[in-house]
Amino acid sequence: QVLLVESGGGLVQAGGSLRLSCAASGSTFNSYAMGWFRQAPGTEREFVAAISRSIIRTDYADSVKGRFTISRDNAKNTMYLQMNSLRPEDTADYYCAAVASLRHWVPRVPDEYEYWGQGTQVTVSS
């Protein structure tokens with residue numbers, strides 16, 4: 001069992017930056033692949049980025065590639081999402097997710113994840 005808590009969301013102007021954090025507790029953090037997803041009102045939850053338990057592999061949605069960076073600190077049981085050059089279309093609730101995984105797996109599909117945080121809201125004004 002893993003408990004995930006996101007933080008770092010807020011209101012930012014277009015072109016600005018935010019760093020989201022996802023703190024994990026309750027199990028061995030480095031046994032889990034981790035991901036970030038987002039959901040805007042009236043839309044389905046969409047993949048943003050994922051990082052393997054080994055930290056070796058990462059994956060990004062095309063819409064955020066080059067602007068967002070996913071990372072994790074296994075010693076601190078925390079995952080991060082550095083978001084730069086933010087756009088109004090990045091506005092959404094952002095969720096972190098975890099799944100017990102093979103070493104280099106980076107899942108992109110929500111149904112592949114076992115545990116979810118409660119979400120943190122990101123609003124980008126134009």
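Here, residue 1 is the first one in the sequence, and each next residue gets the next number.
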*Ile51 to Met79 - nearest heavy-atom pair and separation*: CG2-SD, 4.1 Å
*asked:* Can you confirm if the NZ or CZ of Arg72 lies within 45° of the ring axis of Tyr80 and under 6.0 Å from the centre of its six-membered ring?
replied: no
*Begin with the C-alpha distance, continue with both residues' side-chain angles, and end with the deciding distance and a verdict on side-chain contact (heavy atoms from CB on, under 4.5 Å) for Trp36 and Ile70.*
CA-CA 8 Å; Trp36 286 100; Ile70 190 171; 3.6 Å; yes
_When you compare the side chains of Asp73 and Thr78, does any donor N or O come within less than 3.5 Å of an acceptor on the partner?_
no
*If only atom types and distance count, is the side chain of Ser52 paired as donor or acceptor with the main-chain N or O of Arg57 below 3.5 Å?*
yes
*Does the pair Arg87 and Arg67 meet the rule for a side-chain contact (heavy atoms from CB on, under 4.5 Å), with working shown?*
CA-CA 10 Å; Arg87 304 167 180 169; Arg67 300 187 298 123; 3.4 Å; yes
*Is the shortest distance from a Lys or Arg side-chain nitrogen in Asp62 or Lys65 to a carboxylate oxygen in the other one below 4.0 Å?*
yes
*Which distance, rounded to the nearest 0.5 Å, do you find between the CZ of Phe29 and the CE of Met34?*
4.5 Å
*asked:* For Phe47 and Phe37, take the angle between the two ring planes, folded into 0 to 90°, and tell me which bin it lands in: parallel under 30, tilted 30 to 60, perpendicular over 60.
replied: perpendicular
*Is Tyr32 reachable from Tyr113 through a run of I, L, V, M, F, W or Y residues, each pair having side-chain heavy atoms under 4.5 Å apart?*
no
*With Leu20, which of Gln82, Arg38, Met83 fulfils side-chain contact (heavy atoms from CB on, under 4.5 Å)?*
Met83
*Can any side-chain N or O of Arg108 pair as donor or acceptor with the backbone N or O of Val48 at less than 3.5 Å?*
no
*Do any N or O atoms from the side chain of Glu6 and from the backbone of Gly119 form a donor-acceptor pair under 3.5 angstrom?*
yes
*Please name the pair of heavy atoms, one in Pro88 and one in Ser126, separated by the smallest distance, quoted to 0.1 Å.*
CG-CB, 3.8 Å
_Carboxylate-amine/guanidinium proximity below 4.0 Å for Asp93 and Arg45_ = no
